[in-house]
A.B. asks: 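Take a look at this one; I'll ask things after.
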Amino acid sequence: MVEITIRKRPAEEELHAQRKFFRKTRRGRVIKVLRERYLRTDIGCGVAHCTLCSHLPAPDQQPALPRTGTPHAHFPAGHHLLPDTNAFLHQMDLFEHPDFAASVIVLQTVVEEVRHRSLPLWNRLKNLVRNGGEQGAEGAGGAWVFWNEFREETAVVREEGEGPNDLNDRAIRNAASWYNAHVASSFPARASVRAPTVVLLTDDAASLSLASKAQIPAMSVRAYVAGLPHAQDLGDVLAAYASTSRGEAEEGQGAGQSGRGRGGGRKALYDEYWPAGTVEAGVKSGRLFQGFFNPSQYNYLEGFVNSQALGRPILVIGRADLNRAVSGDIVAVELYPESQWKAPGDEVVDQEQTLANDDASGSEDEAAETERRVALRELRDARDTARRHPLERHPTGRVVGVVKRNWRAYVCHLDAASLASSARTAQAQQTVFATPVAANLPRIRLRTRQAPQLVGQKIVVSIDRWDVTSRYPEGHFVRALGKAESKEAEQESLLLEYEVPYRAFGRAILDCLPKEGEDWVVPPKEAGSVVWRDREDLRDTIICSIDPPGCQDIDDALHAFPLPNGNIQAGVHIADVSHFVLPENAMDSEAAARGTTVYLVDKRIDMLPSLLGTNLCSLRPFVERLAFSVIWELTPDAKIVNVRFTKSVIASKAAFTYKEAQTRKDDLKQKDPLTESIRLLNSLAQKLRAGRMAAGALNLASPEVRIQMESPESSDPIDVEQKELLETNSLVEEFMLLANISVAAKIQETFPQTAVLRRHMPPPASNFEMLQDVLMKRKSMSLDISSSGALAASLDKCVDSAEPSFNILVRIMATRCMRPAEYFCAGSVSRETFGHYGLASPIYTHFTSPIRRYADVLVHRQLAAAIDYTPLHASLHSRQHMERILNVVNRRHRMAQMASRASIEFYVALSLKGRAEREGGGVREKAFIIRAFRNGVAVFVSKLGLEGLVTFKREISFDPEVYSVKVPSPTGEQVALSVFDEVDVEISVEKDVNTQRGKVKMVLVHPIDSRSL
Amino acid sequence: MSEMEEIVGSPFLNKLSGPESRFEPLNSGNLRSDGRRPLELRSFEAELTTHPSADGSASVSHGLTQVTACVYGPREAKNRGLTMHDRALVNVEVSVAPWAGEMRRLRSRGDKRTLEFAASIKSTFEPVIQTTLYARSEIDIHIHVLQLDGGLLQASINATTLALVDAGVPMLDYVSSLSAGLYHTTAMLDLTSVEESDLPSVTVAVLPRSGKVTLVSMETRLHVDRFEEMFKLAMEGGKVLRGEMDRVVRERTAALARQMEGGVALKEDDKMDTDL
């Protein structure tokens, strides 16, 4: 039995042990909060082989700091670094830099303050500590959390009149001074090795002077970094914060630093944000609206704020009204009176063209003049674009406050034009612009010494702040990814841009794998074997798998055979991932954080270590593998007689590609049982599909293309082709759907609160308004969106005999009107909203791909518990816990989709470039117009799955009523270009001279040549 | 229901436990929010005969939770109608001081939550007190909650046990009580009010010598698989507490014995009443 003790508190400790404060609730009532604290002596300092701490109990934690510290120019005996809160809040990139190798002491006070101020930074700090622990074991750097507020000597008590910030600073200084004494006394006095110094890292001037008074070694960040090895590289990573005192820095968050700081006497370009309290009160009273800020895709001076309270997106137009909001921020918006509401613009406004000749250092008169001109033009643009027929007016407002910044690191290109011409080669520090790859972000101003080297590279940049006096946000350089357009740099930038975690799996995670590694096999069947307990032996069943060519992670296999009673037994066998991935271990948490495997064109970022994904859990042919099976008895009409779920051991008899399976099925000479079972499955699948379609399932299209590689090694794309769909694709799909639906019903029945399900909400009618209107006006067709069945039927009728691909285009556009499907916890929403709109199924989940989706792993665990195979792990009983996990998984899923789409786009562009070189000149393709603007049209090339913009420089007439533009042709007559018209475009890939960013450019060649326009 | 939230904190009602909650019941250093390890109890202090006017009284504190219990009787029943011919009647009354909780509030005598609470204490002690020795009489237990920081039920039960001992009422054994909670898969003992509002918890009262359980109270949901571990730990913790209570009783008795023997050999710091 474990030891249970009573923590005795000496009477004299009373004062240290209690914290008492009063808090006022929102309703104005006063709450007395009284907390106690037990001070301990058994909290370790984290230094390896510390003679004073070695006896302390450290539950599964090894000391992470090297005994002699790490080198620094100012401290010949080595040092440990003890940063304060602001150091982490502002300079996290420094600590994460691969060349940064100091041993870092992270105080509890600091961790809690960071957590209070910013959850993302807190997560990064946690990662830092975790990785630091691993590093420290290998002798370099390392990081250690010291629980200073629970250690007797370092705990502090608030003094009369002391603010929380001062208290925290004092706690940090106290800990620093204790650490110095502690480390010094752990070294024998006459030893040849001197004890390392513990250095307090702070940019706070007051704290620095107090520290020097108390004789604590302390340094500012910049001075400290200058003494490190690799100071040159690390210096660039430092954020643009000047040395400010604590109060000022905080004010900067809320009210903005009006005219102070480095802006000097410069004119304010933006309105100050309202004080945080006013904003909060405004949102609560309903006067302000709060929501995520989404910039428009086509116009950088326009954006929407999706407010839950208003139920409609709020339009924000113009630089002043956008007021420094960046994509993803949660902002507070004040609405204008209804008479000033506007319509979203119908013009394409490109930031780069508008602001091409802006100057980065931006303080000279010339720049001011430019700014004034730009401001005028922008104002005109915004006003013009808003002049539109009144029906489409949106609630319009302006940003008055930022509730939460969601700034992250952005992948950028350096703007070569912003480099000072005299300093193109010099090592001097200069101010330059970085243009983010994502089009709807503002460019970022940053200071760097490496500017000349960074031109033409992809770099990662963080935003530090955005003052009212500065047109652009200020940021700092984090690291370089490599030459633009090199595959490695592009790949990594994609992963960063979509926040895909792509680090290699750590040792703790790999330790969770079976010890046997590659040699793991299903143990022989014998009584008492743990693996075989309650497992059905399906090794003799004729099972095969059908997958795309080159598939390594085979997670599903199928079988079917006729039963004596005339019915058919069909089975779906899914890799038993939950046998290997146990709840709440390191591998499980990593998989939960990754959420899904991400497929890029030339790379796969696994959710689980590849030993599992491509070997132990891959249902390869001719080897015994553990599986989770769903076995139905179906009538020949594919009606379910009964279904059962069981863990099993299978040995697949073949692994087909879709094409192989198709050929085999179609070859009537083949009469072997394997082929027969494919035929049987296929006939069932057809009936299942027919049944599903009758129930109103949608057949939506998305522009799926496949990149054709010349050879697997060269990875140079030679062509793009659309994915071919065979009967066997649909065979596998139908059975997976059937399995998912059967499993969903089962787990929902057993765990009505926590079952992991997937749903697809019906789209709101307003999403379809525009598409319906265009279809009606251009093609006199109508869409009935009353139900998924009606929509499916009316989509089928949208056929233009002259343009066969028109139907696919409409389907693609309809798909864009849909809401995304999402995972949810059965107990979190009402029963009526469980349905999957697209599949027309009342209940649905994901069960069939546990190797690459984390939700499936959860479902596996729940199903195993539902059939009494294993008890359900405690964490899977908590709905809140499940909701948290599913939120992450949903987000990762969305990001993964966008990442793979972006990866395909990059390769499409590459292949276009190749084709253009081979064919000489641009590539001509057929395209459809999908949207008309006042100064251009958006077109969609279905063959390449590529969307592009064609803009006209010359004045053209635009008729928003009928979604059409009239362009004067060289011969004088007007050529009408309307939505859904088929045109020919020439596509080329063009490099931006300044940023070296590859850009797909399209021009019309038929019916009119837009190059002259 | 609002009382319920305030006194013991139910996770169904509590806003803190949402996904936005930043409270960390157990940090990565295996320390709880007040610096304890999972299986450490809060500082436990007990004093006997705090109210000399009562037949027996005790004051108990678990950390910042402080409860006083007074026992009157066995005595003749005030209400003849309720007396039982074969055993004594046990009455429990609970009052919570207005300043005890986070918010100042006055509770009426008919407060549902307090009545329920009194009833569970009554049923905890009825089988333990040897009521058959005192037919047609009654034993009144008055519990005063002075300060609240979680673990109200355990503190009340422990205080009552000591008060009964102090009053000399014969019992089968000490009744010692302890709360336990669960964070993910780690069981923790003796929860504070913050922890109580965030974690599923159970309060157990045991007779440590026989290992019999007289009360299990759980107002949150928990999977049955996890229950056993928590339950066992709470019982083990109860035994530790019993040792502590026993020590207090023995010290007190020894002091009394010294006074009776020596009469004047009263130590200065033994601030006790000699008239017992």
Side-chain angles (χ1 to χ4, degrees), chain A residues 1-11 13 17-18 20 23 25 29-40 42-44 57-61 108 111-112 115-116 119 122 126 129-130 145-147 149-151 155 583-584 753 871-878 880-881 883-884 887, chain B residues 11 17-22 24 27-45 62-64 99 101-105 147-149 178 182-187 189-190 192-194 200 221-226 229 232-234 236-241 243-244:
Chain A
M1 196 71 206
V2 266
E3 198 180 338
I4 298 171
T5 50
I6 299 178
R7 196 81 213 151
K8 280 280 167 194
R9 192 180 55 203
E13 212 184 70
Q18 294 189 6
K20 181 177 175 183
R23 198 159 55 91
T25 64
R29 300 175 77 174
V30 174
I31 287 182
K32 172 186 72 183
V33 182
L34 195 53
R35 302 250 183 282
E36 62 176 345
R37 176 170 68 170
Y38 290 89
L39 302 182
R40 334 178 53 100
D42 64 346
I43 289 178
D60 42 81
Q61 270 182 315
Q108 177 189 14
V111 175
E112 272 163 21
R115 182 162 77 150
H116 189 70
L119 273 183
W122 178 64
K126 274 205 304 193
V129 172
R130 199 164 51 226
V145 178
F146 179 66
W147 305 99
E149 286 176 23
F150 295 143
R151 172 120 192 168
E584 300 268 313
Q753 282 295 310
L872 194 54
H873 188 261
S875 62
L876 269 73
H877 282 297
S878 148
Q880 282 136 10
H881 183 72
E883 278 169 7
R884 252 193 311 262
N887 274 341
Chain B
S17 50
E20 276 93 51
S21 163
R22 293 186 176 188
E24 230 185 353
N27 66 28
S28 56
N30 199 31
L31 291 162
R32 287 156 70 172
S33 60
D34 56 2
R36 282 182 293 156
R37 305 265 182 215
L39 296 186
E40 283 174 350
L41 311 189
R42 289 182 282 177
S43 177
F44 173 80
E45 260 152 62
H62 289 270
L64 295 178
W99 62 83
E102 284 197 325
M103 244 180 290
R104 190 179 176 86
R105 53 176 297 175
Q147 199 164 264
L148 247 180
D149 184 22
L178 190 62
L182 190 75
Y183 176 61
H184 287 307
T185 54
T186 315
L189 294 175
D190 198 2
T192 62
S193 59
V194 202
R221 283 159 63 110
L222 178 74
H223 193 255
V224 67
D225 291 351
R226 291 284 143 194
E229 189 192 348
K232 277 191 173 153
L233 278 171
E236 287 301 314
K239 288 179 191 164
V240 175
L241 268 182
E244 200 65 13

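Reminder, nothing fancy here: chain letters follow the sequence lines and each chain counts from 1.
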A.B. asks: Relative to chain A, which segment of B:Arg226 carries a heavy atom at a distance below 4.5 Å: side chain, backbone, both, or neither?
C.D. replies: side chain
A.B. asks: So, are B:Arg42 and B:Asp149 salt-bridged, with charged N and O less than 4.0 Å apart?
C.D. replies: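 Between B:Asp149 and B:Arg42 there is a salt bridge, with a charged N closer than 4.0 Å to a carboxylate O.
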A.B. asks: What residue, out of A:Leu872, A:Thr5, A:Ile43, has the most heavy-atom pairs lying under 4.5 Å from chain B?
C.D. replies: A:Thr5
A.B. asks: For B:His184 and A:His881, take the angle between the two ring planes, folded into 0 to 90°, and tell me which bin it lands in: parallel under 30, tilted 30 to 60, perpendicular over 60.
C.D. replies: perpendicular
A.B. asks: What part of A:Val30 is in contact with chain B, defined as an atom under 4.5 angstrom from a non-hydrogen atom: side chain, backbone, both or neither?
C.D. replies: backbone
A.B. asks: Between B:Glu236 and B:Lys239 (salt bridge meaning N to carboxylate O under 4.0 Å), is one present in this structure?
C.D. replies: yes
A.B. asks: Select, from A:Val145, A:Val33, A:Leu34, A:Val111, the one with the greatest count of heavy-atom pairs under 4.5 Å involving chain B.
C.D. replies: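 With the most close heavy-atom pairs to chain B, the winner is A:Leu34.
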A.B. asks: So for B:Thr192, is it side chain, backbone, both, or neither that comes closer than 4.5 Å to the heavy atoms of chain A?
C.D. replies: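 Neither the backbone nor the side chain of B:Thr192 comes within 4.5 Å of chain A.
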A.B. asks: Between A:Tyr38 (side chain) and B:Ser43 (backbone), is there a donor-acceptor pair under 3.5 Å?
C.D. replies: yes
A.B. asks: What part of A:Glu584 is in contact with chain B, defined as an atom under 4.5 angstrom from a non-hydrogen atom: side chain, backbone, both or neither?
C.D. replies: side chain
A.B. asks: Would you please test A:Gln108 and B:Leu31 for side-chain contact (heavy atoms from CB on, under 4.5 Å) and show each step?
C.D. replies: CA-CA 11 Å; A:Gln108 177 189 14; B:Leu31 291 162; over 6 Å; no
